[in-house]
Student: 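Take this structure first; my questions come after.
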Protein chains: 2
Amino acid sequence: MQDGTLHSPGNFEETIILRGDVYAAQCPTRQLLDRVGDKWSVLILTLIGEKSIRFNELKRNINGISQKMLSQTLRSLERDGLVIRTVEQTMPVAVSYGITPLGAELLSTLQALINWAETRMNAVSAAQILYDQRKETD
Amino acid sequence: MQDGTLHSPGNFEETIILRGDVYAAQCPTRQLLDRVGDKWSVLILTLIGEKSIRFNELKRNINGISQKMLSQTLRSLERDGLVIRTVEQTMPVAVSYGITPLGAELLSTLQALINWAETRMNAVSAAQILYDQRKETD
DNA sequence: CAGCATCCATGACGATACTG
DNA sequence: CAGTATCGTCATGGATGCTG
């Protein structure tokens with residue numbers, strides 16, 4: 001019944017104190033899904049995982065990202081210990097981002113999920129079309 | 001350089017037509033992350049993966065979910081071909097949700113990610129604390 | 001070059017009320 | 001029991017302008 005997975009059905013007698021959101025916020029799986037589920041984290045992590053890369057190089061490589069979101073997401077990834085920010089004191093300054101061992105670990109885990117998406121999401125799309133057709137004809 | 005991963009740096013000459021969001025919307029990895037990144041999908045999928053389960057049984061087991069979100073998420077998972085909805089014509093009707101082969105496949109892939117979260121998110125938390133301390137003292 | 005600050009629109013989600 | 005419908009809120013993220 002392994003407990004602790006998301007906010008899975010724990011049995012707690014004093015449930016009055018625990019509000020749903022508080023419970024969810026503490027859950028490690030919830031925290032991870034919030035991070036990898038956001039719009040840019042996985043893509044950025046993937047690129048940085050290939051090789052260390054500069055800020056504007058990332059920006060050029062990622063189609064459609066704003067510098068606000070690039071900056072913000074990099075800050076979060078850095079804070080989480082998944083990427084490392086290095087400043088070379090040239091003129092002007094050159095900042096590059098690299099992956100940490102922890103980040104590389106996560107990235108390899110994510111690769112399984114990405115592979116699944118790339119090979120099986122067409123099956124999902126097919127299911128969606130079938131579902132929608134069924135709903136049309138009633 | 002495997003292309004097609006999220007909206008990774010493709011080289012397209014006619015980039016004027018392609019808007020960022022359109023590109024992103026078509027990406028299978030983006031679609032999957034949108035689904036598993038939402039608030040309830042993974043938890044619901046995990047419970048259904050253990051055994052077929054009734055609507056209100058799910059609701060009771062998931063702390064803090066509204067019936068709107070339970071219903072809505074189940075509909076999405078069903079549409080994606082990840083869970084199957086079965087109606088027994090008793091009085092009143094009994095509806096149960098089970099996992100499909102496709103859903104089971106995804107779930108096993110997700111388990112690796114969940115395991116990583118449960119074992120390594122404390123390292124992430126530690127990194128966050130370190131980062132915040134650094135920022136305080138400047 | 002590598003950002004931060006601000007404003008604003010959209011969409012996700014929760015609360016509530018109603019139904020076969 | 002198993003939902004649908006509607007409304008309000010809040011957070012995510014895009015656009016824009018400014019800085020060392």
Side-chain angles (χ1 to χ4, degrees), chain A residues 6-7 19-25 30-31 33-44 48 52-79 83-98 135 138, chain B residues 6-7 19-25 30-31 33-44 48 52-79 83-98 135 138:
Chain A
L6 285 159
H7 25 104
R19 312 306 304 181
D21 45 352
V22 177
Y23 195 16
R30 176 73 270 139
Q31 290 178 2
L33 288 174
D34 283 345
R35 165 124 326 288
V36 303
D38 72 17
K39 195 162 183 183
W40 303 109
S41 286
V42 172
L43 178 53
I44 292 174
I48 294 179
S52 286
I53 185 169
R54 301 271 296 274
F55 185 90
N56 277 298
E57 206 178 344
L58 274 170
K59 177 140 175 46
R60 274 191 305 275
N61 278 317
I62 301 176
N63 190 269
I65 196 171
S66 62
Q67 67 279 67
K68 175 196 165 184
M69 288 316 297
L70 178 54
S71 178
Q72 185 174 303
T73 308
L74 283 170
R75 219 56 59 226
S76 297
L77 292 172
E78 185 194 2
R79 178 169 182 267
V83 311
I84 185 154
R85 178 176 181 272
T86 313
V87 183
E88 286 131 66
Q89 281 301 351
T90 54
M91 185 59 187
V93 290
V95 179
S96 62
Y97 292 88
K135 294 296 148 182
D138 66 13
Chain B
L6 284 161
H7 25 104
R19 311 305 305 180
D21 46 350
V22 177
Y23 195 17
R30 177 71 271 141
Q31 289 177 3
L33 288 174
D34 283 346
R35 164 123 327 288
V36 303
D38 73 15
K39 196 162 181 182
W40 303 108
S41 286
V42 172
L43 179 53
I44 291 174
I48 294 180
S52 286
I53 186 170
R54 299 272 295 275
F55 183 89
N56 277 299
E57 205 177 345
L58 275 170
K59 179 141 174 44
R60 273 192 305 275
N61 278 317
I62 301 176
N63 191 269
I65 196 171
S66 62
Q67 69 278 59
K68 176 194 164 184
M69 289 315 298
L70 178 55
S71 177
Q72 186 175 301
T73 307
L74 283 170
R75 219 56 60 227
S76 297
L77 293 172
E78 185 194 1
R79 178 169 182 266
V83 309
I84 184 154
R85 178 175 181 273
T86 312
V87 184
E88 285 133 65
Q89 281 302 350
T90 53
M91 186 59 186
V93 291
V95 179
S96 63
Y97 292 88
K135 294 296 148 181
D138 65 14

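Since the structure is predicted, the reported quantities are computational estimates derived from the model, not experimental observations. Naming convention: chains lettered A, B, ... in sequence-line order (proteins, then strands); numbering from 1 in each chain.
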Student: If I take atom OG1 from residue A:T86 and atom CD1 from residue A:I84, how far apart are they, to the nearest 0.5 angstrom?
Tutor: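 Reported value, rounded in 0.5 Å steps: 5.5 Å.
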Student: Just report the end-to-end axis angle for the helix from C:dC1-D:dG20 to C:dG20-D:dC1, five pairs per end, to 10 degrees.
Tutor: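 That helix gives 50° between its end axes.
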Student: Enumerate the residues from residues 66-75 of chain A whose closest heavy atom to DNA chain C is under 4.0 Å, giving them by residue number; use none for an empty result.
Tutor: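 The answer is A:Q67, A:K68, A:S71, A:R75.
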Student: Could you pull out the closest heavy-atom pair between A:G98 and A:S52, with the gap in Å?
Tutor: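 Smallest interatomic distance, heavy atoms only, reads CA-OG, 3.4 Å.
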Student: Before you tell me yes or no, could you show the steps for A:R85 and A:V87 under side chain to side chain contact (heavy atoms under 4.5 Å, CB included), namely the whole-Å CA-CA distance, both residues' side-chain angles and the distance that decides it to 0.1 Å?
Tutor: CA-CA 7 Å; A:R85 178 176 181 272; A:V87 183; 3.5 Å; yes
Student: Specify the separation, in whole Å, of atom CE of B:M91 and atom P of C:dG20.
Tutor: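 Roughly 13 Å, once rounded to whole Å.
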Student: Whole angstrom is fine here: how far is it from CD1 in A:I44 over to P in C:dG3?
Tutor: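 Rounding to the nearest Å, CD1 of A:I44 and P of C:dG3 are 12 Å apart.
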Student: CZ of A:R35 versus P of D:dT12: gap in Å, rounded?
Tutor: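 My rounded result for the distance is 10 Å.
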Student: Can you tell me how far P of D:dA11 sits from CG of A:D38, to the nearest Å?
Tutor: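 Taking CG of A:D38 and P of D:dA11, I get 16 Å after rounding.
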Student: Can you list everything that forms a side chain to side chain donor-acceptor pair (under 3.5 Å) with B:E57? Sequence neighbours excluded, please.
Tutor: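 B:E57 satisfies side chain to side chain donor-acceptor pair (under 3.5 Å) with B:K51 once adjacent residues are dropped.
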Student: Does A:D34 have any side chain to side chain donor-acceptor pair (under 3.5 Å) partners at least two apart in sequence or in another chain, and if so, which?
Tutor: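 Scan of A:D34 (side chain to side chain donor-acceptor pair (under 3.5 Å), adjacent residues dropped) gives A:R30.
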Student: Can you see if the side chain of A:R54 gets near the phosphate of C:dC1 - specifically, an N or O under 4.0 Å from OP1 or OP2?
Tutor: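 Indeed not, no polar side-chain atom of A:R54 lies that close.
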Student: OP1 or OP2 of C:dG3 sitting under 4.0 Å from any side-chain N/O of A:R85?
Tutor: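 It does, given that an N or O in the side chain of A:R85 lies less than 4.0 Å from OP1 or OP2 of C:dG3.
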Student: Tell me: CD1 of B:I65 to P of C:dG14, nearest whole Å?
Tutor: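 Going from CD1 in B:I65 over to P in C:dG14 covers 7 Å.
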Student: From D:dC1, C:dC13, C:dA2, pick the nucleotide closest to the side chain of B:N56?
Tutor: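 My answer, after comparing the listed nucleotides, is D:dC1.
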Student: Could you pull out every donor-acceptor pair under 3.5 Å between side chains of residues 67-76 of chain B and any protein atom, sequence neighbours left out?
Tutor:
from	atom 1	to	atom 2	distance (Å)
B:T73	OG1	B:M69	O	2.6
B:R75	NH1	B:E78	OE1	3.3
B:R75	NH1	B:Y97	OH	3.4
B:S76	OG	B:Q72	O	3.2

Student: Any donor and acceptor pair, going by atom type alone, linking the side chain of A:K59 with main-chain N or O of A:I65 inside 3.5 Å?
Tutor: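 Yes; at least one donor-acceptor contact below 3.5 Å.
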Student: Distance check needed: C:dC13 C1' versus A:D34 CG, whole Å only.
Tutor: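 So the CG-C1' distance, A:D34 to C:dC13, works out to 13 Å.
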Student: Can you tell me the distance, in whole Å, between the CD atom of B:E78 and the P atom of D:dT4?
Tutor: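 Rounding to the nearest Å, CD of B:E78 and P of D:dT4 are 10 Å apart.
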Student: Give the C-alpha distance, both sets of side-chain angles, the deciding distance and a yes or no for side chain to side chain contact (heavy atoms under 4.5 Å, CB included) between A:N61 and A:I53.
Tutor: CA-CA 10 Å; A:N61 278 317; A:I53 185 169; 3.8 Å; yes
Student: Sequence neighbours excluded, which residues qualify as side chain to side chain donor-acceptor pair (under 3.5 Å) partners of A:S41?
Tutor: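 Residues passing side chain to side chain donor-acceptor pair (under 3.5 Å) with A:S41: A:R35, A:D38.
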Student: Whole angstroms only, please: what is the NZ-C1' distance between B:K59 and C:dG14?
Tutor: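 Taking atom C1' of C:dG14 as the reference, NZ of B:K59 is at 11 Å.
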